[in-house]
Peer 1: 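This is the structure I have questions about; it appears just below.
Read the numbers this way: they start at 1 and go in the same order the structure lists the ligands and their atoms.
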Amino acid sequence: MRYLAGTLTAVGVLAIAGTAYAEDVEVLHWWTSGGEAAALNVLKEDLGAGGIGWEDMPVAGGGGTQAMTVLRARVTSGNAPTAVQMLGFDITDWAKEGALANLNSLAEDEGWNEVVPAAIQDFSVYDGEWVAVPVNVHSTNWLWGDKSILDELGIERPTNWDEFVAALQAAKDAGYVALAHGGQPWQDATIFDSVVMATGGIDFYRSAFIDLDEEALGSDTMKEAFDRMAVLRGFVDDNFSGRDWNLASAMVINDEAAFQVMGDWAKGEFLNAGETPNEDFVCFRFPGTEDQVIYNTDQFAMFRQGDAVSSEQAALATAILSPSFQIAFNKVKGSVPARTDLDASELDACGQQAYADFIEAAGSGNLIGSFAHGHANPASVKNAMYDVVTAHFNGEYDSETAVQELVTAVQINK
Ligand code: BGC
């Protein structure tokens with residue numbers, strides 16, 4: 001409660017349920033699909049019950065690229081939102097600029113250090129200061145399958161690349177869209193996360209995406225990953241270009257497409273459409289990445305409004321990391337809690353697996369940041385790499401050239 005003191009005396013406040021808040025929280029985010037909006041409602045309601053009003057600032061665009069552009073404009077004009085949904089290196093970049101509030105006192109009171117694993121703290125904490133609060137942990141290396149199509153065609157869970165290609169071919173031969181996909185750079189990159197991991201393994205993924213090692217980026221293994229992307233390109237439908245990710249998920253929901261490779265926010269769409277895991281859809285780790293978790297965590301970074309954290313920011317942070325909220329929210333969002341001390345029995349079958357995978361990977365070093373979702377390298381590098389992956393996916397150049405372009409993109413932007 002120490003955060004309340006300054007504000008209470010300074011401004012006329014609204015008192016509800018014994019706690020007083022001067023203002024609404026204005027939250028900038030990109031959760032605009034059906035499943036995302038349902039999850040966001042859990043947060044709004046949780047805050048509303050505590051007397052905090054919500055001012056919504058949605059900026060559509062999966063992966064948050066557009067949201068980050070709008071944020072830059074807002075901050076530049078001296079009008080930063082109270083809290084902002086942010087990914088990985090974006091948090092670090094804003095923290096470096098000194099724009100984020102220090103939440104250490106709250107973190108200490110509530111024991112965040114003990115319950116949030118190190119890989120997540122790598123992005124919540126900058127230079128010893130908690131500057132963002134993790135609302136979830138997603139992972140990108142998932143393959144979603146339409147249960148009725150797979151059953152009809154007798155397709156078993158693919159566990160390696162060849163089996164996956166055979167399954168896609170069987171679906172295509174039967175007249176289904178084999179791979180539901182939206183041709184947007186961040187979606188192409190999301191598939192690339194899994195393909196690179198499956199092709200080169202975790203050490204290769206780390207060298208290429210996190211260490212930005214030129215030898216790995218320019219290697220034959222990377223060329224093979226691009227060759228595999230070209231194979232997948234042959235399994236998407238003619239109208240894939242520009243399609244939003246949730247519309248691709250809808251193709252699986254409507255039994256038009258057999259598979260989608262997407263982070264587990266896709267599960268939020270399936271659930272929101274009334275579907276049940278293992279009855280209507282199946283969740284597999286992308287073939288060949290069964291032991292790894294390529295993660296991204298949505299965090300709320302609090303922009304400095306004055307010297308201290310405001311009472312509303314503190315209340316938002318406390319609400320987000322509370323055990324009951326972490327379960328309630330992640331059940332709907334498709335992700336898993338960012339704290340490792342919770343009972344996951346309320347999560348659905350895919351969520352229970354994801355939570356167990358997350359905790360295991362956090363302990364064994366197999367929890368590794370997603371390139372596509374800003375947890376492997378800073379936005380400047382990520383965006384330059386997106387361009388290469390997308391140009392290649394759209395046939396602008398071959399795999400050999402893509403590899404060279406990737407090396408150049410990293411050299412120029414890192
Ligand atoms: C975010 C998810 C979001 C997805 C699609 C990801 O970067 O982490 O929360 O649902 O983008 O918009």
Peer 1: Without hydrogens or angle criteria, can the side chains of D122 and H375 be said to hold a donor-acceptor pair below 3.5 Å?
Peer 2: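 The criterion, which ignores hydrogens and geometry beyond distance, is not satisfied for H375 and D122.
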Peer 1: Going by the rule side-chain contact (heavy atoms from CB on, under 4.5 Å), which residues pair with A317 if we only count those two or more places apart in sequence or in a different chain?
Peer 2: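 Applying side-chain contact (heavy atoms from CB on, under 4.5 Å) to A317 gives L106, W112, V133, M302.
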Peer 1: Can you name the salt bridge (Lys or Arg N to Asp or Glu O under 4.0 Å) partners of D203, sequence neighbours left out?
Peer 2: R206
Peer 1: Near ligand 1, which protein residues have a heavy atom under 4.0 Å away?
Peer 2: W30, W31, E36, G62, G63, Q85, L87, H138, W245, W265, N296, D298, K333, H373
Peer 1: Restricting to side-chain contact (heavy atoms from CB on, under 4.5 Å), what partner residues turn up for T276, sequence neighbours left out?
Peer 2: E279, D280
Peer 1: Between W144 (side chain only) and M262 (backbone N and O only), is there a donor and an acceptor less than 3.5 Å apart?
Peer 2: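 Side chain of W144 to backbone of M262: a pair is present.
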Peer 1: Taking the side chain as every heavy atom from C-beta outward, state whether W30 and D298 have any atom pair closer than 4.5 Å.
Peer 2: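 Answer yes - side chains close enough.
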